[in-house]
Every structure is written in structure tokens, then in C-alpha cells.
Amino acid sequence: MSAALAMTSPDASYLASLNPPQRAAVEALDGPVLVLAGAGTGKTRVLTTRLAHLLISRRVSPYEILAVTFTNKAAGEMRERVAHLIGASVEGWWLGTFHALAARILRRHAEVVGLHDNFTILDADDQLRLIKQLMDGSGIDDQRFPAKAVLGIIQKWKDRGEEPERVTGGGEGKILTLYRAYQDRLKTLNAADFGDLLLHNLTIFRTRPEILAQYQQRFKYILVDEYQDTNVGQYLWLRLLAQGARNICCVGDDDQSIYGWRGAEVGNILKFEQDFPGAQIIRLEQNYRSTGHILGAAGGLIARNRERLGKTLWTAAEEGEKVQVRGLWDSEEEARWVGDEIEAAQRKGIPAAQIAILVRASFQTREFEERLLTLGIPYRVIGGPRFYERQEIRDALAYLRVLHQGADDLAFERILNTPKRGIGPATVQQLHTAARALGVPLFEAIARLVETEDLKPKVRSTLRGLIEDFLRWRNQLQTIAHPQVAGMVLDESGYTTMWQQDKSPEAPGRLENLKELISAMAEFDTLAAFLEHVSLVMEQVEGAGNEAVTLMTLHAAKGLEFDVVFLPGWEEGIFPSSRSLDESGERALQEERRLAYVGLTRARKKAYVGYTARRRIHGQWEDALPSRFVAELPKEHIMSETSRGMFADGYGRWATNSGYGSGFGERTNFSYNPPARAVSVTRRAQAYSSGQRVFHDKFGYGTVTQVDGDKLTISFDHSAAKQVMAAFVAPADGE
DNA sequence: GAGGTGGCGACCGAG
DNA sequence: TCGCCACCTC
């Protein structure tokens with residue numbers, strides 16, 4: 001590090017604002033470095049400054065730096081910040097996600113693994129269809145191994161960097177055979193799935209040392225973000241590339257490793273020192289994001305995990321408000337609670353964009369959406385059904401894929417009979433058989449078949465027309481701009497007409513989406529570039545949602561921060577998720593706990609944790625127990641309250657005659673230490689009138705001054721007048 | 001070959 | 001509750 005310091009120019013003002021460990025992390029340019037960056041400790045700042053520092057102090061060409069992230073969002077942010085810092089474009093840099101960078105390398109050497117450089121990248125949907133096709137008649141018991149499970153096993157192998165010949169971990173012989181068949185099939189389709197992007201890179205590096213050497217020499221410095229989320233394959237990829245210059249800097253936080261389910265190995269970060277001997281370890285522990293109470297609550301929780309490298313976050317900020325933990329009757333009440341607290345926060349001047357609701361699983365967003373809709377609070381859901389996953393978009397893309405890459409049977413099959421052309425499963429089967437017999441892609445096989453007498457006349461002329469159309473469109477691609485060609489394809493194929501004639505209410509929206517797709521294409525120079533973007537980025541086209549509350553999963557929230565964060569659904573089975581626990585037990589529990597830690601540490605000023613006694617699952621009301629994580633939150637950092645009549649506290653005064661919401665029927669007993677009298681409390685809509693004395697859990701006693709449906713305006717004795725939902729007050733009885 | 005219906009399992013997570 | 005798939009009918 002002293003060498004690096006010596007080289008630092010005195011006018012390196014960008015270094016001045018860093019704290020000592022941050023500065024150390026930026027300046028340790030030589031050899032392997034592991035930066036353990038706790039939540040909110042300025043990790044992105046360190047990464048970008050380090051990149052700028054490399055360019056400025058070492059005069060390294062940007063093309064000699066490999067900077068890897070996990071998400072497109074992180075890559076985009078880094079790009080933007082570095083460009084801003086050095087005042088130049090980062091176009092063409094080796095800065096991107098593992099998948100994007102691996103795809104770039106693979107396109108250059110595709111022939112080594114038997115692909116062409118215009119190979120298609122398949123998404124999960126295509127993969128599953130392919131597996132299903134291969135499983136038909138493979139003799140695999142699809143009860144015991146549904147296609148999804150088989151795909152899961154294959155993906156695990158790929159995540160570990162194991163080609164079929166390399167598979168070690170025991171496993172079913174039949175599934176291994178299927179893995180081989182699957183890989184062969186992908187090759188015929190001139191396609192790669194996500195796992196292949198990395199895996200083929202490994203194959204290329206392993207079998208062609210001269211190619212590896214070329215990249216080893218090129219990348220003088222390697223920078224890795226979110227190292228705790230790397231899987232074995234990614235680790236091997238990095239290690240091979242780093243063997244050249246040996247200057248690799250990995251930034252990560254073992255406490256935020258939440259991707260074990262997709263093969264991430266916390267082990268990678270835990271054994272960094274062994275993997276890269278002589279590694280420097282730098283800890284960033286000063287948190288600049290959250291208040292003391294939020295940090296204390298999160299820290300107490302994560303301390304329950306074993307197998308940590310250990311960090312102690314601290315903050316110079318004030319203690320702030322305690323984390324509010326709230327027990328509620330059911331998920332509907334939970335949604336009302338969150339909605340009301342959001343309104344309260346907004347009244348205090350917190351903008352909607354600074355408020356987030358973070359859930360464990362995406363289906364949990366629905367009830368909140370409904371509530372926010374009712375309250376008229378703008379919101380946006382991140383990670384919902386994505387633009388590129390919509391039916392009409394996938395169909396349109398299938399046309400474009402066939403156009404670009406004729407061997408893409410999966411795409412071709414998708415649109416063979418879309419719009420309806422009278423080509424049913426029987427014909428498709430016949431075409432497949434022919435293609436297999438000829439050993440050529442579907443498109444090619446059909447082109448040949450229509451010249452024979454093997455097909456029924458009607459089918460034959462239909463297919464002949466389709467093939468001719470594609471050949472024509474492909475020709476036009478030479479002379480006409482690709483967005484225009486895309487428009488022609490959709491119109492001339494009858495696809496646009498199909499939706500125009502569709503009477504369903506969604507049809508107009510779909511046509512809109514298709515227009516949007518075509519206009520999005522204009523941003524790319526070539527059809528190939530556009531398709532690459534789509535398969536790698538798959539980004540959601542975000543509505544104008546700057547002033548909106550954010551609803552998303554905890555996974556999607558990593559790396560983000562908000563003033564106010566709601567963490568609902570802290571119930572056993574939901575969070576920690578019983579599915580995870582069933583799959584991998586203690587390991588999974590620790591990962592779930594890290595997820596809770598990630599959730600809490602997203603909050604700057606205030607965090608809320610909610611749990612309910614009853615929740616609708618699969619449309620059925622089911623009883624729930626508070627998550628063990630609730631009990632693990634250190635008492636001194638939380639403020640706990642429960643809805644009236646629920647648990648020991650709050651019970652008694654409120655068990656009867658509680659003025660809860662409306663239309664609720666009989667409730668079954670709640671089994672978590674229920675007070676006897678709380679059993680089967682029937683809650684009815686309580687009518688209030690102006691002048692009536694009431695009690696509110698938070699604001700205390702007050703007098704109703706106005707009634708507007710279930711919204712009351714109350715003049716509180718010890719607090720300003722407020723609008724409150726009737727559900728949240730009770731008639732004052734024991735003053 | 002198309003379209004309708006009823007039963008059943010899912011609802012975990014990213015590129 | 002919802003969406004998918006198997007099965008049915010025309």
C-alpha cells in the first residue's frame with residue numbers, strides 16, 4: 001500500500017473525503033484485496049473511486065480493467081458514477097454483470113464450444129420447454145422429477161462450473177444423461193442458457209490456454225462487487241482471469257449473502273484468504289445510512305448467525321426512533337396499518353419515493369397494492385411481471401429471433417401457429433420428426449418439406465408462405481432499418497391483426513406494448529444488439545414513478561435505501577420461508593436471517609416490522625405465528641405493540657368492544673400465547689359520532705370532530721388533530 | 001384442430 | 001385465488 005500512496009498525486013481531491021478504511025480500500029491497488037463492506041458503509045463510493053484512482057494514478061487504460069457486478073442496476077450505477085468522476089464516457093469498458101461480460105467473451109470465441117457468434121440466449125421459459133421436450137420419452141419419472149426440478153439440478157451443475165463430463169456430485173444417472181442431451185440440443189439450436197454463458201467461458205479457458213492468456217494479460221486489474229454472491233463457476237472464472245496480474249479486489253459483505261438458492265457460496269468470501277494468498281483484508285464498518293436504533297436492531301439480529309467473518313457496524317448518527325414492531329390480526333389489517341403509517345409519514349413531509357414496503361415473496365405485494373390504491377397513494381411495484389415476459393412481447397421477440405437466427409427452433413415453434421394458422425400439435429410433431437431425421441433445424445426442415453408431397457396441401461401452402469415471408473423479411477433487413485422491418489414482420493405475419501381482432505380488455509394494451517417494443521429497438525444499432533440487450537437485461541420498463549411508494553421483494557431491495565421501510569409478514573413459514581427451511585435447514589435459516597438484516601439496513605430513519613395472526617394463503621385463511629426473527633430483535637432497539645385483544649399486552653381493556661374495521665366475521669383462536677378472553681373476539685364496525693371520546697393506540701385520548709365514512713377527524717388531547725381510520729381507535733371507556 | 005371446462009397445485013428469489 | 005394442464009366435445 002505504501003507504494004500506492006507514494007504514487008498518489010497530491011491533488012487527488014477525490015480521496016480527501018474518504019474515511020481512513022475507505023481510503024485504504026481505494027489505495028490498495030496491488031495484489032489481492034478483500035473489502036468487507038458492511039451495509040451503508042459507502043461501498044459503491046469506494047468501488048467507483050478505486051476505479052477512478054486506478055485510471056488516474058496508474059494511467060491504466062480502462063480496457064485493461066475488468067469490473068464485475070451482479071445486477072444491471074449496480075452496473076449502471078457504477079458506470080454513471082465513474083463517468084461523472086472522471087468526466088468521460090465509459091463506453092466499451094469491461095464493466096458489467098457476470099452474464100453480460102461472459103456473453104461478450106463467448107461471442108468472440110463461440111466456435112470453440114460449437115456455437116456461432118449469433119447464438120441465442122434462452123430465458124427460463126425456453127429452458128423449461130426444452131427440458132420438457134427432452135423428458136418426453138426419456139424414461140424419467142416426471143412425478144418424482146418434474147421438469148422444473150430437473151432443470152434445477154442441471155443449473156446447479158452449471159453453477160458449480162461442471163460440464164456433463166465433469167459432474168461429480170453423485171446424482172441420478174438418467175438426469176446426467178438428460179444434461180448431456182440438453183447441452184447437445186442447445187448446440188443444435190445455436191443457443192446458450194444463462195448458466196452456459198459462464199460455463200462455456202470456463203470450457204474455453206480450460207481447453208484453450210492461449211485464449212485464457214490473452215485475457216489474463218489484458219485484465220491488469222479486476223474489481224468485483226457483491227463477492228458474497230458469487231457461485232463456484234463465477235469464482236473459478238475470476239480466479240482463472242486473475243492468475244495473470246493477480247490484482248483482484250473483491251468487495252462484499254458476508255452478512256448480505258442472500259443468493260444461496262441460486263448457487264452462491266458464502267464460502268467464497270469466507271475463504272478468500274486461502275484462495276488468494278497474501279490477501280489484504282479491509283473492513284468498512286462506519287455506517288452512514290441508518291440511525292443507531294435501526295443499526296442496533298439489525299446488528300442484534302445478525303449476531304445470531306454463526307459462520308460470519310464478523311464486523312461491527314457503528315454510526316455517528318443519532319439514535320433516532322426505535323424500530324416499530326407491530327402484531328396485527330390479519331394481513332388485511334396489516335395492509336391498513338402500513339397504509340395509515342405511510343399517510344402519517346407523508347404528512348410529516350417524507351416523500352413517497354423515500355418509502356418502501358419490502359416483502360419476502362412477490363405475492364405478498366397484492367394486499368398492499370389494493371390498500372394503497374384505496375388510499376390513493378401512488379406506488380410502483382419493482383420486479384412484477386416484466387415487460388419482456390409478457391405474452392405479446394415474447395411472441396414478437398420469437399419472430400425476431402427466428403429472423404436473426406434461423407436455427408432457433410424454440411422461437412420458431414412458438415410462432416408457428418401464432419396467430420392461428422391451422423398448424424396443430426400433430427403437424428408440429430411431424431415437422432419435428434422430419435427435422436430430427438434430417439438433422440437440421442426446424443426452419444430448414446420445413447423449407448425442404450414444403451417442396452415434397454409429405455404434407456397436407458393446406459398445411460403445405462401455409463408453411464411455404466411462412467418460410468417465404470421469413471426469407472423476404474431477412475432480405476429486407478439488409479436494406480431497411482430493423483425497427484421498421486420488425487413492424488413489417490408483425491403486420492404481415494398477421495400478428496398485429498390477431499390482437500386487433502381480439503375482444504378482450506387487455507388487447508389494446510398489448511398493441512401498445514408492441515409499439516413500445518418497436519420504438520425501444522431504435523436505440524440499438526442492430527437487431528443482434530437489441531436481442532442481446534433483451535435477454536441479458538430484461539429490464540422493467542418503469543412507469544413515471546418518481547413520486548411513488550416502492551413495493552418490492554427483499555432480494556430486489558439489496559443495495560437500495562429509503563427513509564422509511566416497512567417489513568411486513570414476519571411470520572413463521574413466510575419469513576423465514578418454510579420452503580427454504582425444508583430445502584436446506586440451518587443454512588437456509590441463516591440466509592433468511594441475512595435477508596432480514598438486509599431489509600432492516602435499507603432504512604435510514606425509520607423501520608417498521610409487522611406480523612399477523614392470520615393470513616390468506618392460496619385463498620385460504622391460515623393461522624400464523626410470529627417469526628422467530630421478531631423475538632430476536634434486541635428489546636432496547638424496538639418498540640413493540642399489538643393490536644387490541646391479540647396478545648397479553650393490550651389485552652383486557654380492548655379485548656371486548658374494540659372498534660375494529662368492518663365486515664369481519666368470527667375469528668378463530670390465535671395460538672400464540674393467547675389470552676383466554678381473546679378467543680373468538682367478534683369485531684364489528686363501530687359507529688362513531690362527532691363529540692365522542694375515543695382512544696388511539698399511538699395518539700392517546702381525543703374527541704371526534706368529524707366523521708367521514710370510516711375516516712374520523714379527531715382532536716387529540718396530547719397531539720395535533722388527525723384524520724384516523726375508525727379501525728384504529730376504540731371508544732374511550734376507562735378515562 | 002379449436003375451444004371450453006374442471007381439477008389441481010402453487011406462492012421464493014435474479015440474470 | 002389464480003393459472004396451468006389434461007381431458008372433453010364439436
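So you know, we letter chains A, B, ... as the sequences are listed, proteins then strands, and number each from 1. No hydrogens, no waters, no symmetry mates; every other heavy atom, side chains included, goes into these values.
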Legend entry - NZ/NE/NH1/NH2 to OD/OE distance under 4.0 Å, A/D126 and A/R414: no
Legend entry - Carboxylate-amine/guanidinium contact A/R510 A/D395, below 4.0 Å: no
Could you tell me how far apart [X] ([atom1]) and [N] ([atom2]) are, to the nearest whole angstrom?
X	N	atom1	atom2	value
A/E367	C/dT1	CD	P	12 Å
A/D159	B/dA14	CG	P	15 Å
A/E226	B/dG13	CD	P	19 Å
A/H555	B/dC11	NE2	P	16 Å
A/D125	B/dG15	CG	C1'	15 Å
A/D196	B/dG15	CG	P	19 Å
A/E332	C/dT1	CD	C1'	13 Å
A/D126	B/dG15	CG	C1'	14 Å

Legend entry - Within residues 358-366 of chain A, residues whose heavy atoms come under 4.0 Å of DNA chain B: A/R360, A/A361, A/S362, A/F363
Legend entry - Criterion ring-ring contact (aromatic ring centres under 6.0 Å, His included) against A/F70, the qualifying member of A/Y259, A/F98, A/Y227: A/F98
Inset, instruction - Name the nucleic acid region contacted by A/F70, choosing base, sugar-phosphate or nothing; use a 4.0 angstrom heavy-atom cut-off, strictly under. - result: sugar-phosphate
Inset, instruction - Answer with yes or no whether the side chains of A/N305 and A/D255 bring together a donor and an acceptor at under 3.5 Å. - result: no
Legend entry - Exercise: do A/H432 and A/E413 side chains pair donor with acceptor under 3.5 Å: yes
Inset, instruction - May I have the step-by-step check of side-chain hydrogen bond (donor to acceptor under 3.5 Å, both in side chains) for A/T612 and A/E334, ending in yes or no? - result: CA-CA 7 Å; A/T612 73; A/E334 184 182 51; 5.3 Å; no
For nucleotides 1-5 of chain B, print each protein N/O atom paired with a nucleotide N/O atom at under 3.5 Å, atom names and distance only.
from: B/dG1; atom 1: OP1; to: A/G424; atom 2: N; distance (Å): 3.3
from: B/dG1; atom 1: OP1; to: A/T427; atom 2: OG1; distance (Å): 2.8
from: B/dG1; atom 1: OP2; to: A/A426; atom 2: N; distance (Å): 3.3

Legend entry - Near-ring test A/H109/A/Y215, centroid separation under 6.0 angstrom: yes
Inset, instruction - Indicate whether A/W261 forms a stack on B/dG13; treat it as stacked only if centroid distance is below 5.5 angstrom and interplanar angle below 30 degrees. - result: yes
Inset, instruction - For A/K187, check side chain to side chain contact (heavy atoms under 4.5 Å, CB included) against everything at least two apart and list the hits. - result: A/L115
Polar pairs (N or O, both sides) under 3.5 Å between protein and nucleotides 4-7 of chain C?
from: C/dC5; atom 1: OP1; to: A/K132; atom 2: NZ; distance (Å): 3.4

Inset, instruction - Select one nucleotide: of B/dC11, B/dG15, B/dA14, the one nearest the side-chain heavy atoms of A/K148. - result: B/dC11
Inset, instruction - Check ring-ring contact (aromatic ring centres under 6.0 Å, His included) between A/F575 and all other residues, then give those that pass, not counting sequence neighbours. - result: A/W570, A/F629
Legend entry - P atoms of C/dC4 and B/dG13, separation to the nearest Å: 16 Å
Inset, instruction - Sequence neighbours left out, what pairs pass salt bridge (Lys or Arg N to Asp or Glu O under 4.0 Å) with at least one residue falling in residues 589-602 of chain A? - result: A/R360-A/E592, A/E591-A/R594, A/R593-A/E632
Legend entry - Residue of the set A/R615, A/R336, A/E367 for which side-chain hydrogen bond (donor to acceptor under 3.5 Å, both in side chains) holds with A/S331: A/E367
Inset, instruction - Is it possible for you to check whether A/R79 lies under 6.0 Å from the centre of the six-membered ring of A/W93, through NZ or CZ, and within 45° of that ring's axis? - result: no
